[in-house]
Amino acid sequence: MPTSDDRDLSLRWSGRISLTPRILAVNIFALALLAGGFFYLDTYRARIIDGRIERAEHEIALVAEALDRTPDAGGRAAAVAALAKVSGARIRVYQPGGKLSDDSRVLGVRNFQLRDPDKDPWQQDAARFLDAMIDTVVGTARAPLYRERAADRGLDWPDVASAIRKRRPAASAWRAPDRTVVITAAAPLARGGAVLSSVNALEITRTVRVERFRLSMVLLVVTLVSILLSLFLARTIVRPMRRLAVAAVRVRLGRARGVVVPRLPSRRDEIGMLARALSDMSQALTARIDATESFAADVTHEIKNPLASLRSAVDSLATVRDPTLQERLIAIIRDDVLRLDRLITDISDASRLDAQLSRTQFEPISLTSLIAHLVDGHRTRGLPNGIRIALESHAGDRAVVMGDGTRLERVFENLIDNAVSFSPDGGTISITIDVIDDMACVAVEDDGPGVPESEREAVFRRFHTVRPGGEAFGTHSGLGLAIARTIVEGHQGMIGVESRMDRQSGARFTVRLPVNRAA
C-alpha cells in the first residue's frame, strides 16, 4: 500500500515531462511521412487526368475526321448520334460563328448527365466532404467549375475557340458540381466550325477514392499498431525508470535504509543493468553509512579511554604533593596526550583515505623496487634484537601494478613493522614477491606466535589490536591493518593472513594486486 512519502514523491514527479509523449511523437512523426502518400495520390490523379485529356484530343480528332467524310446534314446528324453512343460522350457541332448545329442530346442520346449534389445520398456527401478536406490539406489546385454555354455561344467554350483559331484539337478538364471530373475536347472541321465532346470521367474519381480509402485503412491500422507499440515501449521503459527515480529520490532524502531499490531481475537489457547498478549503489551507500556510524562510535569509545585517564591524572595532580607521585602522574598525562595525538592522526588518515584514493591518479609502480627500497631502509637503520629481513623476488620486472606509491609503501611498511614487533630475538622476516594469474602476490612471513584462526578477520577491524607481551599499552591505535586493507581494496586487491605452512608458528600476511597488463 503506498505511503504518504510515496504519494509526495509521485506528486513531485508528476510535474515532469514523461517519455511517453515523446515516444508517441517520434513514432507518429514517422507515420506522418507515410501520410505523405496522399500527395502521391494527388500527382497520380493529375497524371490520370492528363492521360484522359490526351486521349480525348485523339478521340475528338477521329470524330472530326469521321464527320468531315459525311457531307450531307442528315447523314452528319446520324453520325453525331452514332459516335456519341460509341464514345459515351455528348457531341456537339458548332458553326464557325459559334452557333450550335448538331447536338447528340437533342438527337436523343442522353449519355452525359451530371448529378445534382443536393439529390445524392449522405454517403456521397460524406465522400465529397472528405475529398474537399484532403484536397485542402494536400493543396490540390481546383479545376474550374463546369457550366453549360448557350446554343449560340459556342465560342465561349475555350476548346472550341482554340480549335477554330489554331486549327488543331484542344481539351480541358473541369470540375462538375458533384466534384467529379469533366473532360471537354474540340477539333476543327474541314468545312469550318468545330466539333465538341464532353464526358464525365467518373472512373477517375472512383479510382482516386478507392486508393485513398486503401491508403487510409493502411494508415489507420499502422497508426493503431504504432500507438499500441509505443505505449508498450513506454510501459517497459518509463514505469521501471519512474520506480528507480522515486527510489533514488527517497535515498537522496535520507531514507536509504528504508528504500528497496528494485533490481528487476527479469530485465536483461540496459534498464535491468541500471536497476541492479542502482540497487548495488544503494546497498553500498547503506553499508557506507553504517560503517561511518560504527566508525564514529568506535572513535568515541577509543578517545574516551585516554580522556578518562587524562582527566583522572589531571584531577589527582592538583591534590598530590608527593614529587615522585607527581612525576608519575605527569608521565601518565604525557603518555595519554601522545596516545590521543596518535589516535587523532590515524583516525584522520582513516577517515580521509577513501576520498583521497578516489582522487589519486594511479601510475605504474614496481612492487619489487618499492619493497626493496623499504627493506634497504630497515637494514640501514638497523633492526632490533638481531632480527633479519630476507627478500626474494620471483617476478622480476613483471610485478608492476597501477597505484599510489606512497599508499602502497605504507601498506608494506605496516606489515614489516608488525612482523618486527612479533618476531623473536634473532628471527627472520621473509618477504616473497611473485606473479600468479595476472596478480602480483607479496607474502610477509615472520617467526612469531602467528595469528589464531579466530582472529584472522578481526585483526583487520578498526581499533582491534593484539600486541606482543611486554609492549607498552597504547603505543598502537589499532588502525594500521584496517588502513592497510582499505588501501589494498582501493587498488582492487586483497589482503589476508594465514599460518605459515613450513612451520608450526609464525604469521603469513599476503597482498594480491592486479598486474598492469600495459607494462
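- A 6.0 Å sphere centred on CZ of Arg175 holds more than 12 heavy atoms belonging to other residues, nucleotides or ligands.
- Within 6.0 Å of CZ in Arg328 there are 12 or fewer heavy atoms belonging to other residues, nucleotides or ligands.
- Atom SG of Cys441 sits about 4.5 Å away from atom CD1 of Ile436, to the nearest 0.5 Å.
- By the side-chain contact (heavy atoms from CB on, under 4.5 Å) test, Pro424 pairs with Asp447, sequence neighbours left out.
- Ser421 OG to Ile416 CD1: the interatomic distance, rounded to the nearest 0.5 Å, is 12.0 Å.
- Asp417 has its side chain within reach of Glu413: a pair of non-hydrogen atoms, C-beta onward, lies under 4.5 Å apart.
- The shortest side-chain heavy-atom distance between Asn385 and Val420 does not fall under the 4.5 Å cut-off.
- Side chains of Leu391 and Ile433 form a contact here, defined as non-hydrogen atoms less than 4.5 Å apart.
- Applying the side-chain contact (heavy atoms from CB on, under 4.5 Å) test to Asp376 and every residue at least two apart in sequence or in another chain returns Arg379.
- Between Thr432 and Arg508 there is no side-chain heavy-atom pair separated by less than 4.5 Å.
- Here the closest heavy-atom approach between residue Val515 and residue Ala440 is recorded as CG2-N, 3.5 Å.
- Distance alone, capped at 3.5 Å, places no donor-acceptor pair between the Ser279 side chain and the Ala275 backbone.
- The two atoms that bring Ala173 and Ile49 nearest to each other are CB-CG2, 3.7 Å, heavy atoms only.
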Test side-chain contact (heavy atoms from CB on, under 4.5 Å) applied to Val442 and Thr510, step by step
CA-CA 6 Å; Val442 180; Thr510 58; over 6 Å; no
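- Without hydrogens or angle criteria, Asp404 side chain to Thr406 main chain gives a donor-acceptor distance under 3.5 Å.
- In this structure, Asp50 has no side-chain contact (heavy atoms from CB on, under 4.5 Å) partners at least two apart in sequence or on a different chain.
- The side-chain heavy atoms of Leu415 and Leu481, taken from C-beta on, include a pair separated by under 4.5 Å.
- Expressed to the nearest 0.5 Å, how far CZ of Phe509 lies from CD of Glu498 amounts to 10.5 Å.
- Scanning all heavy atoms of the two residues, the minimum distance from Arg388 to Thr428 falls at NH2-OG1, 2.7 Å.
- Separation of atoms CZ (Arg398) and CG (Asn516) is listed at 14.0 Å; rounding is to 0.5 Å.
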Identify every side-chain donor-acceptor pair in residues 365-373 under 3.5 Å, counting partners at least two apart or on other chains, and give the distances.
residue, atom, partner, partner atom, Å
Ser366, OG, Ser369, N, 3.4
Ser366, OG, Ser369, OG, 3.4
Thr368, OG1, Gly396, O, 3.3

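- Summarising the geometry, atom CD1 belonging to Ile431 is positioned 11.0 Å from atom CG belonging to Asp446; distances are rounded to the nearest 0.5 Å.
- Annotation: side chain of Glu392 is not in contact with side chain of Ser430 (no heavy-atom distance under 4.5 Å).
- When all heavy atoms are compared, the tightest approach of Ser423 to Ile387 is CB-CD1, 3.8 Å.
- Heavy-atom contacts from other residues, nucleotides or ligands closer than 6.0 Å to CZ of Arg512 number 12 or fewer.
- Side chains of Ile483 and Arg410 form a contact here, defined as non-hydrogen atoms less than 4.5 Å apart.
- Residues Ile429 and Ile389 form a side-chain contact, since some pair of their non-hydrogen atoms from C-beta on lies under 4.5 Å apart.
- Ion pairing between Glu327 and Arg334 fails under the 4.0 Å rule for side-chain N and carboxylate O.
- With sequence neighbours excluded, no residue forms a side-chain contact (heavy atoms from CB on, under 4.5 Å) with Leu228.
- Here Arg407 contributes atom CZ and Phe362 contributes atom CZ; the two are 10.0 Å apart, rounded to the nearest 0.5 Å.
- Legend: residues meeting salt bridge (Lys or Arg N to Asp or Glu O under 4.0 Å) with Glu363, ordered by chain and number and at least two apart, are absent.
- Under 3.5 Å, the side chains of Glu489 and His491 contain no donor-acceptor pair of N or O atoms.
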